[in-house]
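Taking it in order: structure first as structure tokens, then the write-up.
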Amino acid sequence: MSSRGDGGYAFALCLTHDIDRVYKTPQNYLFDSLSQRDPRHLAGLVSAKNPYWQFERIMALESMLGVRSAFYVLDERRLADRPKREWATLSGWSRYSGRYDVTDPQLAATLESLENGGWEVGLQGSFTSPRDPARLRYEKERIEDATGRPVRGNRQHYLNLARPETWDHHREIGLDYDASLADPHSLDFQYGHELRRPFDDEFVVFPWTIMDQTTMESAGTMSGIRDNCERILKEVCNETGVLVLDWHQRTFYDPDFPGWGGTYRWLIERALEMGAWVGPPRTFYDATSQPDGTVVETLETLSARERAESDAHTDPTGYRDRAPDSNGHRGRTAGETPLQTRSSESPTNAGDLPDR
């Protein structure tokens, strides 16, 4: 739906998830036990559950809301493969320990299911890759082998960019876009609201991403967090711009990240109420005229495309079939009323949040 009189979208909200870890490691359990002074956290060491495997929960939530997102896969080097001097450092353990194998059959099957269901699977360039095009290409090809689909978008791990060198490497290995412009300490836009083209060609950089941790630490109460989110949404709406959300998939595990999944849901529902187009960056990119299409023009294209596909799925009684469009996006058509849902209706339990 849209709040605009011309029936178009008011702004764009692109949804993304960085997959840093898919398993909660012994180090994570030990850290929780020490930081919270609660030895009960150590019970997870012998549990068969994997609390960071939240893919199905996210898919269920987004399906219920009628949207899709992108998942960026990290093929990080392992600590054992790094110089020995890093083995005894906190940064070394944080960056390289407890990582996953992108060729793991369970993960590969999940990534394939995501692509088949209309989600996007992209690359999360490893920490040491910004100046290493050979490494970026290797990581991209490993993910493509796992999914059987081309990888077209990226976000650098830890937002580690060498501008514009890294973007040139992205373009060289065949990526269409990057979504690494963000500040881990601020929500405020720093690079405008329009798509950026560092080489004046078809390679696109999305102008701003707000991250889960930055958002959740922006205020001391849930109402304060939502006020900050409302301010950011209103700004991008007033500018008819594009904003990207980055919510790591593990943060949908409520015991470790209380309220994070619910805030993600609230942001989507609020954006839809405000008339936003909501979906993955790849779908937005594909609707953008190259090499100089603007956000406004892209929103017009997406709105016209969705109206045409809505008409194609309207029966003689006027009922609109909610079939996915050609890109797997299930956004609302321009005349629809936004879905108002409560957590009791959701299999994800990522619904309304009390102030904390």
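For reference, positions follow the sequence shown, starting with 1. Fair warning: this is a prediction, and the values are worked out from it, not measured in the lab.
- Aromatic ring orientation, F127 versus Y158: perpendicular (interplanar angle above 60°, classes split at 30° and 60°).
- In this structure, R196 fails the cation-pi test against Y191, since its NZ or CZ atom is not both closer than 6.0 Å to the six-membered ring centre and inside 45 degrees of the ring normal.
- Across every non-hydrogen atom of I173 and P133, the tightest pair is CG2-O, 3.9 Å.
- Checked by atom type and distance alone, the side chain of W208 pairs as donor or acceptor with a backbone atom of L187 at under 3.5 Å.
- Here CG of L181 is found 6.5 Å from CG of L161. Values are rounded to the nearest 0.5 Å.
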Let's go through M211 and L159 carefully: what are the C-alpha distance in whole Å and the side-chain angles of both, what is the deciding distance for side chain to side chain contact (heavy atoms under 4.5 Å, CB included) to 0.1 Å, and is it a yes or a no? CA-CA 11 Å; M211 303 179 68; L159 309 176; 3.6 Å; yes
Derivation of the side chain to side chain contact (heavy atoms under 4.5 Å, CB included) call for Q156 and L136: CA-CA 10 Å; Q156 289 297 127; L136 281 167; 3.7 Å; yes
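- H248 and Q213 form no side-chain donor-acceptor contact under 3.5 Å, judged by distance and modelled atom types alone.
- Connection of V296 to L302 is not established within any shared hydrophobic cluster, with ILVMFWY side chains joined at heavy-atom distances below 4.5 Å, either directly or through further cluster members.
- With hydrogens and angles left out, the side-chain atoms of W277 and E306 include no donor and acceptor closer than 3.5 Å.
- Put simply, the side chain of W247 reaches to within 4.5 Å of the side chain of T215, judged on heavy atoms.
- Considering only residues two or more places apart in sequence or on other chains, D292 meets the salt bridge (Lys or Arg N to Asp or Glu O under 4.0 Å) condition with none of them.
- Proximity of P281 to Y72: side-chain heavy atoms (C-beta onward) are separated by under 4.5 Å at one or more points.
- In this structure, a donor-acceptor pair under 3.5 Å is present between the side chains of E62 and S69.
- Taking E202 as the reference, nothing meets the salt bridge (Lys or Arg N to Asp or Glu O under 4.0 Å) condition, with sequence neighbours excluded.
- Considering CD1 of I143 and OG1 of T103, their distance stands at 11.5 Å, rounded to 0.5 Å.
- Side-chain contact between P51 and D256: absent, with no pair of heavy atoms (C-beta onward) separated by less than 4.5 Å.
- Looking at heavy atoms from C-beta onward, T288 lies in side-chain contact with L195 at the 4.5 angstrom threshold.
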Run the side-chain hydrogen bond (donor to acceptor under 3.5 Å, both in side chains) check on R131 and N160 step by step: do they pass? CA-CA 10 Å; R131 291 184 168 89; N160 194 19; over 6 Å; no
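- In terms of hydrophobic clustering, with Ile, Leu, Val, Met, Phe, Trp and Tyr side chains grouped at heavy-atom distances under 4.5 Å, Y138 and L74 are assigned to different clusters.
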List the steps and the verdict of side-chain hydrogen bond (donor to acceptor under 3.5 Å, both in side chains) for N228 and S218. CA-CA 7 Å; N228 290 334; S218 68; 2.9 Å; yes
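- Residues E120 and P280 approach most closely at OE1-CB, 3.7 Å, considering heavy atoms.
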Please step through side chain to side chain contact (heavy atoms under 4.5 Å, CB included) for the pair D104 and Y23, ending with a clear verdict. CA-CA 12 Å; D104 174 83; Y23 304 108; 3.9 Å; yes
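- The distance from atom CG of L175 to atom NE2 of H170, rounded to the nearest 0.5 Å, is 6.0 Å.
- Residue F189 comes nearest to V242 through the heavy atom pair CE2-O, 4.3 Å, listed as atom of the first residue, atom of the second, then distance.
- Here R197 does not pair with D200 in a salt bridge; the nearest charged N to carboxylate O distance is not below 4.0 Å.
- F206 and Y177 have their aromatic ring centers within a separation under 6.0 angstrom.
- Using a cut-off of 4.0 Å between Lys/Arg side-chain N and Asp/Glu carboxylate O, R226 and E230 are scored as not salt-bridged.
- In terms of heavy atoms, L233 sits closest to A271 at CD1-N, 4.3 Å.
- Of the N and O atoms on the side chains of R68 and T283, not one donor lies less than 3.5 Å from an acceptor on the other residue.
- When atom types are taken as modelled, the side chain of Q249 and the backbone of F55 share no donor-acceptor pair closer than 3.5 angstrom.
- Taking a cutoff of 4.0 Å between a charged side-chain nitrogen and a carboxylate oxygen, D20 and R250 qualify as a salt bridge.
- The side-chain heavy atoms of Q290 and V204, taken from C-beta on, include a pair separated by under 4.5 Å.
- Under a 3.5 Å cut-off, the side chain of E239 and the backbone N or O of H193 do not form any donor-acceptor pair.
- Donor-acceptor pairing under 3.5 Å is lacking for the side chains of Q106 and Y100.
- Residues Q54 and F257 form no side-chain contact, since every pair of their non-hydrogen atoms from C-beta on lies 4.5 Å or further apart.
- At distances below 3.5 Å, not a single donor-acceptor pair connects side-chain atoms of S303 with backbone N or O atoms of L299.
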Could you walk me through whether L61 and Y264 pass side chain to side chain contact (heavy atoms under 4.5 Å, CB included), step by step? CA-CA 10 Å; L61 171 63; Y264 177 78; 4.0 Å; yes
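- For the side chain to side chain contact (heavy atoms under 4.5 Å, CB included) test with F71, the passing option among L15, T110, I58 is I58; the others fail.
- F11 has its side chain out of reach of L243: every pair of non-hydrogen atoms, C-beta onward, lies at least 4.5 Å apart.
- The 12-atom threshold is exceeded at CZ of R231, counting heavy atoms of other residues, nucleotides or ligands nearer than 6.0 Å.
- Summarising the geometry, atom CD belonging to Q124 is positioned 9.5 Å from atom OG belonging to S129; distances are rounded to the nearest 0.5 Å.
- Looking only at side-chain heavy atoms (C-beta outward), V22 and W53 come within less than 4.5 Å of each other.
- E112 places no side-chain N or O within donor-acceptor distance of the main-chain N or O of G148, the cut-off being under 3.5 Å.
- Looking at T214, its side chain does come within 3.5 Å of a backbone N or O of P184 through a donor-acceptor pair.
- Scanning for salt bridge (Lys or Arg N to Asp or Glu O under 4.0 Å) contacts around D178 gives an empty result, with sequence neighbours left out.
- Between E269 and R265 there is a salt bridge, since at least one side-chain N of the basic residue sits less than 4.0 Å from a carboxylate O of the acidic one.
- Side-chain atoms of Q190 and D188 form no donor-acceptor pair, as typed in the model, at a separation below 3.5 Å.
- To the nearest 0.5 Å, the span separating CE on M222 from SG on C229 amounts to 9.5 Å.
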Determine whether T128 and R135 satisfy the following criterion, side-chain hydrogen bond (donor to acceptor under 3.5 Å, both in side chains), listing intermediate values before the conclusion. CA-CA 9 Å; T128 59; R135 177 69 193 186; 5.7 Å; no
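- Annotation: the span from D212 atom CG to D18 atom CG amounts to 8.0 Å, rounded to 0.5 Å.
- Between S126 and E139, the side chains place a donor N or O and an acceptor N or O closer than 3.5 Å (distance only, hydrogens not considered).
- Side-chain contact check for T294 and E194: no donor-acceptor pair (N or O, by modelled atom type) lies under 3.5 Å.
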Under the salt bridge (charged side-chain N to carboxylate O under 4.0 Å, His left out) rule, what do D145 and R142 come out as? Steps first, then yes or no, please. CA-CA 5 Å; D145 288 343; R142 288 245 296 169; over 6 Å; no
